[in-house]
Structure formats: structure tokens, C-alpha cells
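As C-alpha cells, the structure follows; a few thoughts come after it.
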Amino acid sequence: MTQKSDNSSDSLWHWGIAAAVAFGFLIYFRLYFSQLLVSGFPNAGTRAILFFRALIPDTFVQDWTADGKLPLGFLDRVPLWLAAAFWYGLAWWIGDVFLKRLTLTPLNRNVSSARWLAVRHPLAIALGLGMLSLTTFLVGCLGWLRQPWGMMAALAIWIAIGVISCLKGKKCDGLPSLSESEIENSALNSLARRFTQLFQITFAVCCIYYSISSAMAPIEFDVLEYHLQAPKEFWQQGAITFLPHNIYANMPLGIEMHPLAWMALVGGDHGWWWGALIGKVIIGWMAPLTAWLLAASLFEYCRRSNATEHERSYAMLIALGGAVLYLTLPGIAEVSQFGQIDAALALYVLATVVVAFHYSFGQDDHNQQTTVVLLGLFAGLAFAAKYPALMFAVFPAALVIAVKEWRLPIDVKRISTRLAWFVVAVLVTAGPWLVKNAVLSGNPVYPLAGNVFGGRTLDKEKIEQWQKAHAIPAVKDAQGNEVRFSWNQAVASLQQIAYKSPIPSAIFVPMLLLGVFYLPRRETWWWVAWLMVGLAVWWFLSHRLDRFWLPLLPIAAWLAARAILPLAKTAAGIPLAAVLTVGISYSLLYFASPPGNDPRYLVSLNAQRTDWKNEEFTRVSMSIGWLNENLKPTDRVLMVGQAAVFDVAVPCDYSTCFDDSKWDEIAKATSPADRIKKFKELGITYVCIHWGEIERYRSPGNYGFRSKITQPQVAEFISTGVLSMVETGKELGGVSMLKVNE
């Protein structure tokens, strides 16, 4: 009688929890789908509008084909995919050479490293990509970029090393195929198998989408300003040098080395364009690679020796679910299509976390030292991608080593040795960029720490402008004082992260919370701690842009994947089916026609490249399109205000908002004759002034604008005969097109 009563109580308790979880999801859906689809554009409607768009599939076809206004051509992406596939294959081969010697401490000695879901394989590719990036960097520093033989010789050396390593080993390991025994388990019911198959299909669809979208021509400002523009300039110069007019190009550019490598390999007059697109695909594929690493880490964790029976039985479901949760994040899809490097940085942050996790919880088989070296290599590669990785990867990894060793019997020599090996490994992968900056600019972390190290082109005004632009945002309190850390700001940031930001999917945050609090273990809190440290760094030390916490999403996805198990076990899996239907459907509909990206997936790349004459939407700005079509190869244009100049196909000079413009250098001349002479000395025949960008930079709370150019000053240049207005026959939208008079 008592037993029956206890069972009834347990049943009521479980149903109560299920009801609370369901209610929580409904509340979240109400908050999430009530947000604007495009922030600041109420006419676009709320996020819920995407479900209604699914009723009119013709609209998607119109988006993909530009409604028939541009030539179609999908097969022109094939060479890009083949080149990227070769790059990833070579990266896997190179990385495998290292991992044969830098063995990772396993979570379970009985788990075979030959499985396709062993973390060894995605880690090998990620490490190999890092080595290829460093190789390109060294080739660029040697000045061997303009001729393909420089990169070809470097790649030939890597191929030779791989062949020798393969021949000296017992066998040449290939990537194992997916075995049925890994997919199915006798403990799984038929519904769980169906969920596993659903995740496999969704994963494949997402990979196809990432391949198509990443092959699109770039449209995002930062990509056109320095992610692709800096490699383009390095390639044009034939070497990696200091660029005084582009402050961003002098930071670590580890991810941007992939486009640069292919610019060098393709060569010719159009090598910069096609090399950039191949590199953009390589960067875009890093998101599926991150998902693979995420799935492998979850699978190995769920199959560890002390895992529960349910974890072991549902390991494949949880692993694939984590990968799908990550790939269906709108923010990850967006930056991958744009060509931004945040998702690529996320790959190296996750690689660092996974290796640190193995170091902390792995079964010691005398591989602790090599694991520390591997940890340093990945943390260094993250740092070589972007400075914030110092706080997202390097410092937390060093802390993990210190805490791990501190828990053991104190051995100062062992602790110092392992930390020293970690630092050396970090310097192997990140050090070359620091040395390059120290040599070329006098500041190893240029343009950071200008007050400490100084740096080429850095003066007091520029340092203050940079620090102000990247300062923690402030609000005014009732007394008019600036406040940067307040309860209201914390709540606003929490709301932004939770449901206002377009980065999370419709189900990600509730699943994250459920995954954290469902049977939490010491390992769970380990991942939570790393995530919370990253978010604390974002809130207390950065200017709190959404994209700056995006590299932490793989950590959150690892935790969110844990929610799959309770949802699959409750009420015959109905809650999981309902959640997945809402979440995956919304994300796929978002991908089909992303509001912030270019959805013309079936339009030829050549049409996208020269797209500037359409009335509704143009990828290339009107001013740049006009310059490309009307200027001669002997002309040279000075761009003032506009720094996103990747598409400019004629010789040009430009500067970012932080850098000195040649306009101010010319304006120092007092007489019209001296100004014309200065223009001729610099080879400048045209001047393109983007007043809209200048006003945006000079607006309150924006970055500021280094140049002192004004409209009355330009009017004086015209009235004195130095410049004359050019009749373009097009409305250039706040842009002045001027010709230098003879």
C-alpha cells in the first residue's frame, strides 16, 4: 500500500515537472516570437511571420532567383567546394600527424579513437587548419604571395611530411564510416531511433545550407573592410606588411589567412576575388566542423565508464542533437554566410574547452603532458584569430591546469613544468603574430595597450578614440552621471541574450536552462563555469555587442544538449517532438530567406560580383560599381569615409575611421597648384567622398572620424579648380564623386 502511494507521488511529481517545463517553453515562445524579425524595422513584422511565409513557398523561390532579374548559375560554386574540400582533407592529414604524437588523455580507455565520433578527427582538422594558417602567414612574411609557387612549395612540404608520417606508422588511418552499431542500440525504442534519424537528416540539410550560403559573394561591412580586404591588400603587395590606413588589418588574422592562401594559389588578375570566395567557404565550413567536435565530445562523455544507463543508450541521440542545436542557431548561420570569423573563433574556443575537459576528467594514461601541449596549441590558435580569445580560451585553460595540479599532491616542479609547456605551445601558434606586430608596429598587441606599448601611427588622440569606441556602454542616471554597471543594465543585457538577440534559436535558451539543471554533476558545473566566465568577461570588459559572446555558443550548446534526454524520456517523447518541430522549423525557415543576408542562392557568382544597377537591392554600392565600370586601369581613386572597399577593382587609397586619410595630407597644402601637385604625386585622379558614412561615424556614441574633412572644405577645392564634380548619371546616395583637374 505504501509502495503504491510512493509510486503515485513520484508519478505526480514527474508530471508536475513536465507541466512546469512545458509552461516555461510556452512563456519563452511568447517572448521570443513577439520580437521584431529585423531590429529597428517594424514593417518586417515579428519573428512569428516566418511561419506564415511557409504558406507561400513562391516567395522563397523569388528570393533565391532574384525574381528572374539576374542570371542564374548554381554550378559555379562547385570549384569553390572542391578547393575547400581539398583544404580540409589536407588539414586533416596535417593535424593527424600531430595528434599521433600529442595523444589526448581519454575520458574512457575503452573508447576507440577509430570511430567517426571520436574527438580526435575534428580536432585533427581544426589543428591542421591552424597549421595551414601559420604556413600562409610565414609565406606572406617572406614575401612569396604574388606567385603560386610560394604556397605550392609550402603545401608540398606538408604533404611530404604527411606521407612520411603515414609510411612510418603502422597504417594510414582514414576517416571511419558510420557503423550501424553506433546509430542503433537495443536499449533505444523506435521513437528514439526516429529522433536520431531526424537529427541526421537535419544535420545534413544544415551542412548543405552552410555550403551554399558560405559560397555567396560577401556583403557585410567588416568582411568588406578587413576580413577579406586585408588579405586582398597583402596579396596585391605580395607580402604581409603593416597597413597604416587599416588599423584592423594589423591585428592577428589567423582565420583570414585561408582566403589569402587561395588568393596566392589561384593567382592571376582575379585571384583576389576567387581566392576570397574559396576562403569564405573554408571559414563557413568551420561551423559544421564545430558541430562535429561538439557531437564527438558529447558522445564520448555519454559513453564514459561511469555514465548512467540512459546516457549510454541515448549517446548518439544526445550527440547529434547537440550538433543540430548548434547549427540551427540563426547567429551562427548568419556570420558563416557573411564570412565573419566569430563562428571560426568558436571552433578554437570549443577545441580548447574539449581538450581542457579531457585534461580535467580524463583517465590518466600518462598523456597528461601531451594533452597540456595540445591545449596550448588550440588556445594559441584561438588567440591568433581574435584578441578576446585571451579571456575566452587562454586564461581559462591556464586556470584549469593550475586547479587540476593544485588538487593533486603539491609538486612545484610538475606544476611549473606543465604551465611552462602550455605557455610555449600558446606561443608556437599565437607568438608569430605577436612578433610580427612587435617588429612592424612596435606593439605586440597592436592596437591594444597603446598607453603601455605605444605603436606605429598611434598617438594620444587615436588611442583615446579607439578606447572610447570600445568602451563599456554607459547610461545616464537620474543625476546625469554616467553609469556602466547597474542592475537595470544587467537586466537589459540578460534580456538581450535570452530572447531579444537574433543569435539564439527559438528553443536554445530554454533547453540550455533545462540541460544545466537536469541532474547536474561536477562535469556540468565545469562547463557552466567556463561559460559564465566568458559572459562575465563580455559584460565587464567589452562594449557588449552580441557578436562578442557568440564564440561561447558551443559551450552553451554542449549544456543544452543534455536537455534532450529528459525530453525524450517524458510522455513517450512528445515534448521533444513538439520542441524540435517549433525550433528546427523556425530556423530552417529563417535560413531559407534570412532577413539580414543575401538570399539569392541560385544567382551566378559573376552576376553577384557586378551587381550594382538593380533598383531594389544591390550587393555592390552604386559608387563602387560606377568606379569599377568607368575608371581606367591607370586611374587611382581616393576613398574618404568608405572603408568597405573590397569590391573596388581599380587602384584606390582609403582609410578606416581611426586612421589618417590622404585627404588631410593634401589639404595641408595652401595653394590650389600645390594641392593639384600633391594629388599627382600620389597618383590620385578621382576622389569619392561618402558623406553618409562620415556623418554616421561622427554621430553621438559612434566611433568618431579621424579625418577633418568637411563639406565647406570640399566646396573650396571645387571653387578653386582643384576638383570638379563628375556627372555619373546615377543617384549615389550621399556620395560625392570628384575628378582631379589637370
Side-chain angles (χ1 to χ4, degrees), residues 99 103-126 173 175-189 191-200 203 289-326 350-351 353-365 367-368 371 374 511 515-516 518-528 554-555 557-569 573 576:
L99 288 181
T103 311
L104 183 66
T105 300
L107 293 179
N108 183 0
R109 290 194 186 94
N110 298 323
V111 174
S112 170
S113 64
R115 290 179 294 98
W116 75 281
L117 271 182
V119 296
R120 172 189 174 188
H121 303 302
L123 283 179
I125 298 174
D173 294 330
L175 191 61
S177 60
L178 183 65
S179 64
E180 290 297 322
S181 61
E182 290 178 349
I183 301 175
E184 298 187 8
N185 187 294
S186 58
L188 284 178
N189 56 40
L191 183 61
R193 290 195 183 96
R194 294 290 180 268
F195 280 132
T196 303
Q197 293 168 354
L198 171 65
F199 283 144
Q200 290 173 335
F203 183 86
L289 179 58
T290 306
W292 182 8
L293 177 57
L294 181 64
S297 176
L298 285 163
F299 186 82
E300 292 199 354
Y301 174 71
C302 292
R303 301 284 289 184
R304 69 196 187 283
S305 56
N306 61 339
T308 66
E309 181 181 348
H310 284 299
E311 283 179 324
R312 295 178 64 83
S313 299
Y314 286 79
M316 180 61 68
L317 180 65
I318 295 170
L320 290 174
V324 168
L325 282 174
Y326 182 74
L350 178 63
V353 178
V354 167
V355 175
F357 187 64
H358 278 248
Y359 178 77
S360 297
F361 297 99
Q363 297 183 6
D364 193 355
D365 60 349
N367 291 333
Q368 293 280 306
T371 302
L374 198 59
M511 292 196 72
V516 168
Y518 172 71
L519 298 178
R521 297 185 177 87
R522 186 163 58 103
E523 298 93 332
T524 308
W525 296 120
W526 187 94
W527 286 82
V528 170
I555 305 174
W558 195 96
L559 294 165
R562 299 185 74 251
I564 292 172
L565 182 56
L567 291 175
K569 288 167 54 183
L576 182 60

Checking Arg521, Arg303, Lys569 against Glu311 for salt bridge (charged side-chain N to carboxylate O under 4.0 Å, His left out), the one that qualifies is Arg521
Short side-chain to backbone donor-acceptor contact, Ser297 and Leu293, under 3.5 Å | no
Enter the distance from Asn367:CG to Tyr359:OH here, rounded to the nearest 0.5 Å.
-> 12.5 Å
Glu300 to Val119 - nearest heavy-atom pair and separation | OE2-N, 3.2 Å
Heavy atoms of Ile564 and Gly321 approach each other most closely as CD1-CA, 3.3 Å
Validation row: Leu107, Phe357 side chains within 4.5 angstrom (heavy atoms) | yes
Indicate the atoms forming the closest heavy-atom contact of Pro122 with Ala118, along with that distance.
-> CD-O, 3.3 Å
Approximate separation, where rounding is to 0.5 Å, of Gln368 CD and Thr103 OG1 | 12.0 Å
Determine whether Tyr314 and Cys302 make a side-chain contact, defined as any pair of heavy atoms from C-beta on separated by less than 4.5 Å.
-> no
Does Ala323 have any side-chain contact (heavy atoms from CB on, under 4.5 Å) partners at least two apart in sequence or in another chain, and if so, which?
-> Phe203, Ala291, Ala295
Kindly state whether the ring of Tyr301 and the ring of Trp527 have centres lying under 6.0 angstrom apart.
-> no
Report the distance from atom CZ of Arg120 to atom CD1 of Ile125, rounding to the nearest 0.5 Å.
-> 11.5 Å
Kindly give the heavy-atom pair with the smallest separation between His358 and Thr105, and that separation in Å.
-> ND1-O, 2.8 Å
Who pairs with Arg522 by side-chain contact (heavy atoms from CB on, under 4.5 Å), at least two apart in sequence or on another chain?
-> Phe361, Arg407
Any side-chain heavy-atom pair of Leu374 and Leu99 under 4.5 Å = yes
What closest approach, in Å, do Ala351 and Leu123 show between heavy atoms, and which atom pair accounts for it?
-> CB-CD2, 3.8 Å
Give me the one residue out of Ile318, Leu519, Leu565 that meets side-chain contact (heavy atoms from CB on, under 4.5 Å) with His310.
-> Leu565
Give a yes or no on whether the backbone of His121 and the side-chain of Trp116 come within a donor-acceptor separation of less than 3.5 Å.
-> no
For the pair Arg312 (side chain) and Arg304 (backbone), establish whether a donor and an acceptor sit closer than 3.5 Å, ignoring hydrogens and angles.
-> yes
Measuring from Leu350:CG to Leu289:CG, what's the distance to the nearest 0.5 Å?
-> 9.5 Å
